[in-house]
Structure formats: structure tokens, C-alpha cells
S.K.: 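Right, I'll just put the structure down here and ask away after.
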Amino acid sequence: MHRADAVGAVLGRQADGVSCGPSVLLVTAALTGSGWPGPAADRFAAAQRLAHRQANRLWPRALGTTPWGMRAWLRRHAPAAGPYRVRPWTRGVGTDVAGAASAGRPVPLLVGSRWLPRHWVLVVGAGADGRWRVYEPSSGRVRGFDPRTFAGGGAVAVLGWPRAWCVLVPG
């Protein structure tokens, strides 16, 4: 297991309340070999702001980052990540997420309340026990997560929000 996907690893904290998506984009780029915008401690916040502007050309940044903006940014700025598809969260998509994460492909996941999508996280690994390793940008850490807790609302303790809305599945 790489240090970056180990539970407890610190990968960089989001700079403000709306930069979870750009944080996930930058970590995805770094983990897939597309590069890193410089020393994380010095430039992570500036890189988040730039990625946010690049991903949200027509969407107000105050509303976060759309799944389509995330996908377009990865295509343009992280070519080594390969193509991604936007998929709504359905019962079977968790299997695709686990398969991709097990193969070393990071998977952006949009979570939120029952009514609104609110926060991007990044699935960076999956274990044989079904648990995922998830980069949670508000803390900057990789956390262990059991995806079955979405059914009972237990995701709040790890991801901050109870419901999965959509994923960007590697193509």
C-alpha cells in the first residue's frame, strides 16, 4: 500500500468551505501521475483556487464544483488519470467504485444531505473486507469507511454527510 492511501495519511486540507472539489482534483492528479503543482504545504491553497477557476468556467464558485466541471478538469489537466464518467449513485455503482479503487484508480465521490449534494471526497483504495480508504479534504486525511453505512446514515461520522449523490467512475 502506498503511503498516500493509508488510513491516517495527510494529503492536504481544503483551503475554504467550497474548495473540496478542487482539493479532490489535485490529489487525483497527483495519485495518477499527472503531476503536482508544487510543494503541497506552500502551494496547495493557491492550486485549489486555480483548479476551481478552471473547473467552474460558467458555474459560480460559491456553489462548489459540478460533476461535469470535475470531469472536464481531469480530462484537460490530469491526462494520466484517464477518462472518467459521471454516474448517479445507485445500488450497483458501489461495486464499480470498489473495483476501481482496488485497482489503484482514485474515484471522486459527491456526498451531501438528503436534499442537496454538498461535499467532494476521494475514494483512494478498497480492502478485501469491503471498506474503502477515503481522502476527506476538510480534514486533509485519509479515513477508513464502510460504504454500507450509506444505507443507515452512518456516513456522517466519516464523510460529514449521510448520502452519496454521484461518482466519477474511471472509464
Side-chain angles (χ1 to χ4, degrees), residues 1-14 19-37 40 44 47-48 51 54-55 65-112 117 119-152 154-155 157-171:
M1 177 184 332
H2 302 301
R3 182 186 175 286
D5 72 353
V7 171
V10 178
L11 300 182
R13 199 167 179 185
Q14 72 185 66
S19 61
C20 55
S23 299
V24 164
L25 291 172
L26 295 169
V27 170
T28 300
L31 293 177
T32 59
S34 289
W36 187 256
F44 194 55
Q48 289 172 52
Q54 292 168 333
T65 311
T66 68
W68 304 275
M70 298 276 287
R71 181 185 64 193
W73 189 94
L74 288 168
R75 185 179 61 244
R76 285 190 309 266
H77 302 284
Y84 278 82
R85 300 184 320 274
V86 176
R87 293 209 30 214
W89 184 264
T90 59
R91 204 174 294 215
V93 79
T95 303
D96 294 340
V97 171
S102 293
R105 302 284 311 272
V107 181
L109 170 64
L110 182 59
V111 296
H119 186 57
W120 284 101
V121 297
L122 184 66
V123 182
V124 295
D129 62 356
R131 291 179 57 83
W132 296 348
R133 292 179 302 281
V134 179
Y135 163 62
E136 197 290 300
S138 68
S139 69
R141 294 189 176 277
V142 174
R143 297 177 174 179
F145 176 68
D146 185 341
R148 294 172 292 207
T149 62
F150 278 130
V158 177
L159 306 179
W161 296 94
R163 182 173 187 260
W165 277 84
C166 76
V167 295
L168 278 90
V169 179

S.K.: Do the side chains of H119 and P137 get nearer than 4.5 Å, heavy atoms only?
M.R.: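 They are in contact (side-chain heavy atoms under 4.5 Å apart), so the answer is yes.
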S.K.: With a 4.5 Å limit on heavy-atom distance, are the side chains of V167 and V93 in contact?
M.R.: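 When only atoms from C-beta onward are counted, V93 and V167 do touch, with a gap below 4.5 Å.
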S.K.: Parallel, tilted or perpendicular: which fits the ring planes of W132 and F145, with parallel below 30° and perpendicular above 60°?
M.R.: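 Aromatic pair W132/F145 classed tilted.
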S.K.: Of all the heavy-atom pairs spanning P106 and P170, show the shortest one and how long it is.
M.R.: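 So the two residues come closest at O-CG, 4.0 Å.
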S.K.: Can you name the residues that form a side chain to side chain donor-acceptor pair (under 3.5 Å) with R75, not counting sequence neighbours?
M.R.: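 Checked R75 against side chain to side chain donor-acceptor pair (under 3.5 Å); zero matches.
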S.K.: Could you tell me which residues satisfy side-chain contact (heavy atoms from CB on, under 4.5 Å) with R91, sequence neighbours excluded, listed by chain and number?
M.R.: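 R91 satisfies side-chain contact (heavy atoms from CB on, under 4.5 Å) with no residue once adjacent residues are dropped.
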S.K.: Name all pairs fulfilling the salt bridge (Lys or Arg N to Asp or Glu O under 4.0 Å) condition that reach into residues 157-171, sequence neighbours left out, sorted by first residue then second.
M.R.: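 Residue pairs passing salt bridge (Lys or Arg N to Asp or Glu O under 4.0 Å), neighbours aside: none found.
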S.K.: Who are the salt bridge (Lys or Arg N to Asp or Glu O under 4.0 Å) partners of R131, not counting sequence neighbours?
M.R.: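 Result, salt bridge (Lys or Arg N to Asp or Glu O under 4.0 Å) vs R131: none returned.
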S.K.: For Q14, is there any backbone N or O sitting under 3.5 Å from a side-chain donor or acceptor partner on S19?
M.R.: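 No; judged by distance alone, with no hydrogens or angles, the pair does not exist.
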S.K.: I'd like to check F150 versus L159 (side-chain heavy atoms, cut-off strictly below 4.5 Å). Are they in contact?
M.R.: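 The answer is yes, as the side chains (C-beta and beyond) meet within the 4.5 Å cut-off.
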S.K.: Suppose we screen for side chain to side chain donor-acceptor pair (under 3.5 Å). Which residues come up paired with S138, at least two apart in sequence or across chains?
M.R.: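 Here the qualifying residues are E136.
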S.K.: Can you list every salt bridge (Lys or Arg N to Asp or Glu O under 4.0 Å) pair that touches residues 92-107, not counting sequence neighbours?
M.R.: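 For residues 92-107, and leaving out neighbouring residues, the salt bridge (Lys or Arg N to Asp or Glu O under 4.0 Å) pairs sorted by first residue read R87-D96.
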